[in-house]
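Below is one structure; the comments refer to it alone.
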Amino acid sequence: MPDPAYDHKQIELKWQDRLRDPALYRADPDSSAPKYYVVEMLPYPSGRLHMGHVRNYSIGDALARYMWMRGYNVQHPMGWDAFGLPAENAAIARGRHPREWTLSNLAEMKRQMHRMGFAYDWDLEIATCEPEYYRWNQWFFLKMLARGLAYRKKALVNWCPQCATVLANEQVVEGCCWRHENTPVEQRALEQWFWKITAYADELLRDMQQLEGGWPERVLTMQRNWIGRSEGSEIDFALADSGEQIRVFTTRVDTIYGATCVILAPEHPLASKLLNEEGRARAKHMIDGRAQKDRGDIEKDGYFTGHYAINPYNGDQVPVWIGNFVLMEYGTGAIMAVPAHDDRDFDFCKTFGVPIRSVIRPVDGELDENPKAAFTEDGIVERSGEFSGLASADARSRMNQRAEREGFGKAAITYRLKDWGISRQRYWGTPIPVIHCPDCGVVPIPEKDLPVLLPHDVNLTGQGQSPLVNAAEFINATCPKCGGPARRESDTMDTFVDSSWYFYRYLDPHNDQAPFDSALVAKWFPMDQYIGGVTHAILHLLYSRFFTKVMRDLGLIVNGEPAANLFTQGMVLGHDGTAMSKSKGNIVDPEEMIDKYGADTCRLFVLFAAPPEKDMPWIEAGVGGLRRFLDRVHRFVMRNLDRGGAGDAGSDRRALRKLHQTIRKITEDFTNRWHFNTSIAALMELMNDLYAEEEGLSRAALDQILPSIPLLLGPFAPYLAEELWEAMGRKGPVFRQSWPSYDEELAKEDAAEVVLQVNGKLRGRIFVRFGASNEELEKAALSDPKLQPFLSGKQVVKVIVVPDKLVNIVVR
RNA sequence: GCCCGGGUGGCGAAAUCGGCAGACGCAAGGGACUUAAAAUCCCUUUUUCCGCAAGGAGAGUGUGGGUUCAAGUCCCACCCCGGGCACCA
């Protein structure tokens, strides 16, 4: 009789249907089990699921299933943010309303994910552009406003002409928009809303200590660089003619006696005042040049303003220049140039003939009167008045003291981090809940009037101004303070706001009294495990840390960090070796793969091809092998369900040993590292052995082996696991069973295989009982016939024995 | 330029604490079954040399050194690839 075929379509349809009940996946809020909280990063609903998403989800899903089987209380939400901008652009392109488009897309993605068999609570999904989510975004905004953490200012902002909106610094990649890598970002001056993430710069930096070990070092380093704290001094140089102050920032105030000019950024407000017409033209040229791509390649340019400034320490008058290498957005936008002790200043001053004056010598060297290059290390300060002879560090602190005493400067800390600009000139996003009143100014909408909802009928063009500006019904409002006519804010919030706190809302998605129940969050947070792509290292992960700290200060939560452990999984790359993306057209559609091979096979394949932290190029050639493996599993179980037989003791022993070794191996893989590729390889080895021993297996051995197979397979290939489990007459679901335990004794080999080496070269091997003494092993090795040719006529110098493993004989 | 990763067969990879390099899978080749094909099963597959054969000897984890009885793994120098940061004062 032929073996029953593994019909993945029939099996998967059947179990898709039976596993639809959300109650199966829901965590028990009263559970005393050790908690384990897995959250998945969300794909944008602007496209369909692709194999990259399938891999990301499969990693978390396998882990969640295993944790359930170990008795953990798993909250394993997968849901979606309805991200504004992509949704809006896609909706415009298809001539549909963003809301309609978003919801239908969410439904489609939900269907696909259900088809893939991801175990998740199907009630939990959140579309963050829905009214209830607006409400709490806006509520947070008002809280921030009240605390001075939200403010509005006119600022030079990054503007993507393609998106027709503003971008945060974090969203600019190599001078281009993160979504349009060929569109250079422009600078525009606009009134914008900001959130004061800089108020938490120090804490965001300091608390990274807590994350050490739990978060990848790479991510922490990226955040550290991004925050970019540097300690130094701010010093005022007064203009010789007008007395107006130029404040400079330096980390090397100890070199200030060597300052030979002051350089302003071309955008510096004072620059336009000091410059003549020609100078202003030069400044504009510098600004334009910088807007182009490769900043590092731009040659130094400068222009003398014709004015002089006074070094407050020694009264020297130094020329004031503008320079294209001085950045307005860092420090104070002005520097003192110390060519003798800074590479960039050296470059600049050499080029423009500004004098060079050395004031620092190496601790055990002379002052270099005529340096060929800048000496940038700390040393001993010379020619610096009362500070001469001091070590650099010492000089810095004494100079700061003097600056403070005399009122011309102070010690200061500068950050590279800028406040988070959250204004977007788009339709599809959370409206910023304020009103502009001609009499009262900016007036927040009272909490009781939230949420402010988007008007439904707008003219979406994707061009120029936000469509909300022209939506009269929306824009014309009444001032909540004076009752007079006023204008509603037309900016909407950056959608990174939505993703900054969605994982809290997941715990309590239907709460209409508060963003979430604080007690529930206190019980679950910080989440034990967060999984996401490294692409979010400084966007989402920094924002959500900031949000967490703000919410803590609002008294909503008690944790200071959102996630104790972060795992950054690798991407699935297209055939061309670059990340899958719709614009490149290299995405692989899971729908096709599922039809062809089945959902289980697809999941198994993406987990098997590479360990999860590694990028994985999509090479379909290997998928068939995984399908064949599942076929083999199915066939083996099905044809041995009712088979009788006395069996062979040797076969039984070998098969059971392999079984227990496999359980041990997979358990260790889940516990120590998530290398599912080796777990799956172990399962394949088990099946290979079972096939080899099949003839000799007794009924008793089969009764032990068969039920273990779906349990071990469950985290990786859930549909087949359920099917086999049911075929054995058991009640599911598999992921709610106990994880099988292994017996160390049964897993043990009969004898230790000991490798024999002579001078480190493999010359033979022997089998001995476990725990044989070093003397026994040494004796066995020295008398082994295979080793004699290499030992005869030689003198044994040393014998190294590693019990149960190896003997190495050193001869001369 | 600076800071992280990484470099192992034809390919994806494994080797988890310094102890048999290449598990597992793909692809390839050969065989069995079959009228035939598919499916399935079995064998070979890092490489060079010796041998009719069983078998044996050598080389080999980007390159060059080093430590060690023993190195893919540790140390030093360099090359290449990927990522992040980059006139950050």
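Because only heavy atoms are used, hydrogens play no part in the values below, and waters and symmetry mates are left out as well, while side chains stay in. The chains referred to below are lettered A, B, ... by the order of the sequence lines, with proteins before strands, and numbering in each begins at 1.
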To the nearest angstrom, the CZ-C1' distance between A:F605 and B:C24 comes to 14 Å
Less than 6.0 angstrom from the centroid, inside 45 degrees of the normal: does A:R763 satisfy that with respect to the ring of A:F790? yes
Residue set satisfying side chain to side chain donor-acceptor pair (under 3.5 Å) with A:T601, at least two apart, ordered chain then number -> none
Rounded to whole Å, NZ of A:K805 lies from C1' of B:A15 at a distance of 11 Å
request  = Could you check A:F676 against A:F670 for ring pair (Phe, Tyr, Trp, His ring centres under 6.0 Å), going step by step and ending with a plain yes or no?
outcome  = CA-CA 8 Å; A:F676 307 124; A:F670 268 112; 5.3 Å; yes
Review point. When you compare B:G19 with B:G1, how far apart are their P atoms, in angstrom units rounded to a whole number?
Key: 37 Å
inquiry  = In whole Å, measure the gap between the C1' atoms of B:C49 and B:C11 for me.
reply    = 27 Å
Sorted by position of nearest nucleotide on RNA chain B, 5' first, the leading residue of A:G331 and A:E685 is A:E685
The side chain to side chain donor-acceptor pair (under 3.5 Å) partners of A:T221 (sequence neighbours excluded) come to none
Problem - Test item: A:F605 and A:V54 side chains (from C-beta on) under 4.5 Å apart, heavy atoms - result: no
In 5'-to-3' order, the base (B), backbone-only (S) or no-contact (-) status of each nucleotide in nucleotides 68-73 of chain B, using a 4.0 angstrom heavy-atom cut-off, is -BS---
To the nearest angstrom, the CG-P distance between A:N225 and B:C85 comes to 9 Å
With syn defined as a glycosidic angle within 90 degrees of 0 and anti as anything else, the base of B:C17 is syn
Of B:C87, B:A89, B:G84, the nucleotide closest to the side chain of A:V326 is B:A89
Original post:
How is A:G625 classified with respect to the nucleic acid when contacts are heavy atoms under 4.0 Å: base, sugar-phosphate, or nothing?
Top reply: sugar-phosphate
With sequence neighbours left out, the residues meeting side chain to side chain donor-acceptor pair (under 3.5 Å) with A:Y330 are A:S230
- Ring geometry between A:W321 and A:F348 (parallel below 30°, tilted from 30 to 60°, perpendicular above 60°): perpendicular
Notebook entry, point to check: When rounded to the nearest Å, what value does the distance between P atoms of B:C50 and B:C2 take?
Noted result: 50 Å
Rounded to whole Å, NZ of A:K761 lies from P of B:A21 at a distance of 11 Å
Rounded to whole Å, the CD-C1' distance (A:E668 to B:C17) equals 13 Å
Side-chain donor/acceptor pairs under 3.5 Å, residues 682-693 of chain A, sequence neighbours excluded:
unit_1: A:E685; atom_1: OE1; unit_2: A:K658; atom_2: NZ; d: 3.0
unit_1: A:N688; atom_1: OD1; unit_2: A:R632; atom_2: NH2; d: 2.8
unit_1: A:Y691; atom_1: OH; unit_2: A:R632; atom_2: O; d: 2.8
unit_1: A:E693; atom_1: OE1; unit_2: A:S651; atom_2: OG; d: 2.9
unit_1: A:E693; atom_1: OE1; unit_2: A:R654; atom_2: NH2; d: 3.3
unit_1: A:E693; atom_1: OE2; unit_2: A:R654; atom_2: NE; d: 2.7

CD of A:E267 to CE of A:M286, rounded to nearest 0.5 Å, is 10.0 Å
Here the salt bridge (charged side-chain N to carboxylate O under 4.0 Å, His left out) pairs for residues 771-782 of chain A, sequence neighbours left out, are A:R769-A:E776
Stems with RNA chain B, 3 or more Watson-Crick or G-U pairs in a row (under 3.5 Å), are B:1-7 with B:79-85, B:10-12 with B:24-26, B:28-32 with B:40-44, B:46-50 with B:55-59, B:62-66 with B:74-78
Per nearest nucleotide of RNA chain B, the residue lying toward the 5' end, A:S230 or A:A681, is A:A681
When rounded to whole Å, the CE to C1' distance for the pair A:M684 and B:C26 reads 10 Å
Requested in this report: Answer yes when A:R627 and A:D600 have at least one side-chain N-carboxylate O distance shorter than 4.0 Å, and no when they do not.
Outcome: no
A:I322 atom CD1 is separated from B:C87 atom C1', nearest whole Å, by 16 Å
Side-chain donor or acceptor of A:Q788 paired with backbone N/O of A:L782 under 3.5 Å: yes
With sugar-phosphate taken as primed atoms, P, OP1 and OP2 and all else as base, the protein-contact string of nucleotides 4-14 of chain B at under 4.0 Å (heavy atoms; B, S, -) is S-------BSS
Quick note, salt bridge (charged side-chain N to carboxylate O under 4.0 Å, His left out) partners involving residues 787-809 of chain A, not counting sequence neighbours, are none
For A:F629, the ring pair (Phe, Tyr, Trp, His ring centres under 6.0 Å) test, sequence neighbours excluded, returns none
Its contact letters, B for base, S for sugar-phosphate only and - for none at protein heavy atoms under 4.0 Å, make nucleotides 39-46 of chain B read -SS-----
Point to revise | Rounded C1' spacing from B:A71 to B:U8 in Å | key: 14 Å
- Message: Please report the distance separating the C1' of B:G62 from the corresponding atom of B:G72, rounded so that it comes out in whole Å.
- Response: 12 Å
Gap in Å between the two C1' atoms, one belonging to B:U45 and one to B:G31, rounded | 15 Å
Report task. Under 4.0 Å between any heavy atoms, over every strand shown, what does A:F790 touch: base, sugar-phosphate, or nothing? Just pick one. Result -> sugar-phosphate
**Request:** Using the P atoms only, state how far B:A13 lies from B:A36, rounded to an integer number of Å.
**Result:** 40 Å
Taking any heavy-atom pair under 4.0 Å as a contact, classify A:K300: base, sugar-phosphate, or nothing. base
Is the shortest heavy-atom distance from the side chain of A:V320 to the side chain of A:F237 under 4.5 Å? no
Tell me what A:V797 touches on the nucleic acid: a base, only sugar-phosphate, or nothing, going by heavy atoms under 4.0 Å. nothing
Please determine if a side-chain N or O atom of A:N688 lies less than 4.0 Å away from the OP1 or OP2 oxygen of B:G25. yes
Taken to the nearest whole Å, CD/A:E329 to P/B:A89 is 13 Å
Residues at least two apart in sequence or cross-chain that pass side chain to side chain contact (heavy atoms under 4.5 Å, CB included) with A:L270, listed by chain then number, are A:L239, A:E244, A:I246, A:L264, A:H268, A:K273, A:L274
Q: Using the C1' atoms only, state how far B:G22 lies from B:G7, rounded to an integer number of Å.
A: 16 Å
Check: Which part of the nucleic acid does A:R763 contact within heavy-atom distance under 4.0 Å: base, sugar-phosphate only, or nothing?
Finding: sugar-phosphate
Glycosidic torsion of B:G29 (syn if within 90° of 0, anti otherwise) classifies it as anti
